[in-house]
Amino acid sequence: MILYRREIPEDAQQIEQLLDQEFGPDRHKKTAYRLREGVAPLAALCWSAERQGQLIANIRYWPVEIGDAKVPALLLGPIVVAGDYQSLGVGRRLMTDTLDFARTAGHAICLLIGDAPYYSRFGFSRDLTLSLDFPQPVDMKRFLALEFIPGALIGVSGMVRKISVSS
Ligand SMILES: CC(C)(COP(=O)(O)OP(=O)(O)OC[C@H]1O[C@@H](n2cnc3c(N)ncnc32)[C@H](O)[C@@H]1OP(=O)(O)O)[C@@H](O)C(=O)NCCC(=O)NCCS
């Protein structure tokens, strides 16, 4: 049986190992990581899946801002499922559960960099990011968004940035 639960601090090492396995150690060079540096993930939305005490999947979300107007948004990722457990619906379960939590919590916009053929099934679309910029280098075809509140991205433009911490 697979247990889905909130990420706990004790997961950290196994998550790093899983991410290294599935994305390679160079993953830290990806520009999405620049938006996460020094920023805590949103704990209520970060979930893990375990089987017999072994961590087999994880999903995390980070707060970001868009443009000079500093429109708040979520940045989904990374999501990772261990090789032996891929294509069994674990990723889908983590995606649908946490997107529901985010919607219920009142978030309006979710962004990610990823494969459109996978994420489109959850409602993510490249069309919604055409007025937005993302720190380069990134393949802009993989820059996708989901509106939890229909129309939330209408009139929103500019660069996705790390959240500014008010003093
Ligand atoms: C991508 C990932 C999170 C999906 O989770 P998962 O639990 O394996 O996938 P699910 O069981 O939810 O969904 C399986 C379906 O997604 C498809 N799929 C999986 N990864 C895909 C991708 N990168 N692009 C398109 N489709 C993909 C499978 O072919 C399968 O299709 P089907 O439902 O038509 O049979 C997981 O496979 C993973 O961590 N992969 C390693 C990292 C990676 O490749 N990331 C690339 C995406 S950014």
Side-chain angles (χ1 to χ4, degrees), residues 1-37 39 41-64 66 73-104 107 109-130 132-148 153 159-162:
M1 201 187 72
I2 295 173
L3 172 68
Y4 295 88
R5 55 157 176 78
R6 248 196 210 187
E7 181 185 326
I8 53 174
E10 290 74 18
D11 291 344
Q13 197 182 346
Q14 287 189 79
I15 293 170
E16 290 307 300
Q17 282 170 1
L18 202 50
L19 290 169
D20 281 348
Q21 254 171 47
E22 297 301 327
F23 292 101
D26 275 359
R27 65 194 165 86
H28 289 284
K29 293 183 184 156
K30 291 181 180 174
T31 51
Y33 276 81
R34 303 289 80 74
L35 297 170
R36 299 173 185 144
E37 278 167 353
V39 181
L42 293 162
L45 298 178
C46 296
W47 279 63
S48 294
E50 66 170 70
R51 186 163 181 272
Q52 295 173 343
Q54 185 198 349
L55 190 128
I56 60 160
N58 175 261
I59 189 168
R60 284 174 170 162
Y61 291 79
W62 308 76
V64 291
I66 308 170
L74 300 176
L75 181 66
L76 190 165
I79 172 172
V80 65
V81 177
D84 288 350
Y85 294 92
Q86 287 176 10
S87 288
L88 299 175
V90 177
R92 169 177 288 277
R93 170 75 186 265
L94 287 175
M95 288 288 295
T96 52
D97 282 1
T98 56
L99 289 171
D100 277 353
F101 298 147
R103 185 179 288 109
T104 304
H107 293 285
I109 298 164
C110 188
L111 308 172
L112 63 76
I113 304 291
D115 295 341
Y118 183 68
Y119 294 102
S120 60
R121 67 191 69 191
F122 305 103
F124 284 86
S125 153
R126 167 67 177 135
D127 290 348
L128 290 170
T129 62
L130 293 174
L132 313 184
D133 290 323
F134 200 89
Q136 297 297 310
V138 74
D139 177 355
M140 293 296 275
K141 288 195 295 297
R142 293 165 51 79
F143 180 27
L144 313 176
L146 170 72
E147 293 175 329
F148 295 118
L153 275 162
M159 181 62 80
V160 178
R161 293 200 181 86
K162 198 177 347 193

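Both ligands and their constituent atoms are indexed starting at 1 by order of listing.
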For [Y], is there an ion pair with [X] - N to carboxylate O distance below 4.0 angstrom?
X	Y	value
Arg142	Asp139	no
Arg5	Asp11	yes
Glu147	Arg103	no

Looking only at protein heavy atoms, identify the closest one to [atom] and say how far it is in Å.
atom	value
atom 46 (C) of ligand 1	Asp115 OD2, 3.6 Å
atom 42 (C) of ligand 1	Phe23 CZ, 3.5 Å
atom 7 (O) of ligand 1	Gly91 N, 2.7 Å
atom 11 (O) of ligand 1	Gly89 N, 2.6 Å
atom 41 (C) of ligand 1	Gln86 NE2, 3.5 Å
atom 39 (O) of ligand 1	Val81 N, 2.8 Å

Below the 3.5 angstrom mark, is there an N/O of [X], backbone or side chain, next to an N/O of ligand 1?
X	value
Val80	no
Ser87	yes
Tyr119	no
Tyr118	yes

Could you see which bit of Ile113 sits under 4.0 Å from ligand 1, with heavy atoms only: side chain, backbone, both or neither?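 For Ile113, no heavy atom sits under 4.0 Å from ligand 1.
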
With backbone taken as N, CA, C and O and side chain as the heavy atoms from C-beta onward, which portion of Arg121 lies under 4.0 Å from ligand 1: side chain, backbone, both, or neither?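 Arg121 to ligand 1: side-chain contact only, backbone stays beyond 4.0 Å.
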
Let me confirm one number: the CD-CE distance from Gln52 to Met1, rounded to the nearest 0.5 Å.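 Reported value, rounded in 0.5 Å steps: 10.5 Å.
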
Can you label the angle between the Phe122 ring and the Tyr118 ring as parallel, tilted or perpendicular, going by 30° and 60°?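 Ring orientation of Phe122 relative to Tyr118: perpendicular.
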
Cation over ring face, Arg126 and Phe143, 6.0 Å, 45°: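 No, Arg126 does not sit over the ring of Phe143.
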
For the residue pair Gln54 / Gln14, report whether a side-chain donor-acceptor contact shorter than 3.5 Å exists.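 No pair is found: no donor N or O on one side chain lies under 3.5 Å from an acceptor on the other.
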
Show me which atoms of ligand 1 lie under 4.0 Å from any heavy atom of [X].
X	answer
Pro117	25 (C)
Leu88	11 (O)
Arg92	12 (O)

Proximity of Tyr33 and His28 rings by center, below 6.0 Å: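 Distance test on ring centres: under 6.0 Å, yes.
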
I'd like to know whether CD of Glu37 has more than 12 heavy-atom contacts from other residues, nucleotides or ligands below 6.0 angstrom.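 Atom CD in Glu37 is crowded, with more than 12 foreign heavy atoms closer than 6.0 Å.
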
Nearest protein heavy atom to atom 44 (O) of ligand 1: under 4.0 Å?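 Under the 4.0 Å cut-off, atom 44 (O) of ligand 1 has no protein heavy-atom neighbours at all.
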
Gln136 vs Thr31 side-chain heavy atoms within contact, under 4.5 Å: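 In short, these two side chains do not touch, never coming nearer than 4.5 Å.
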
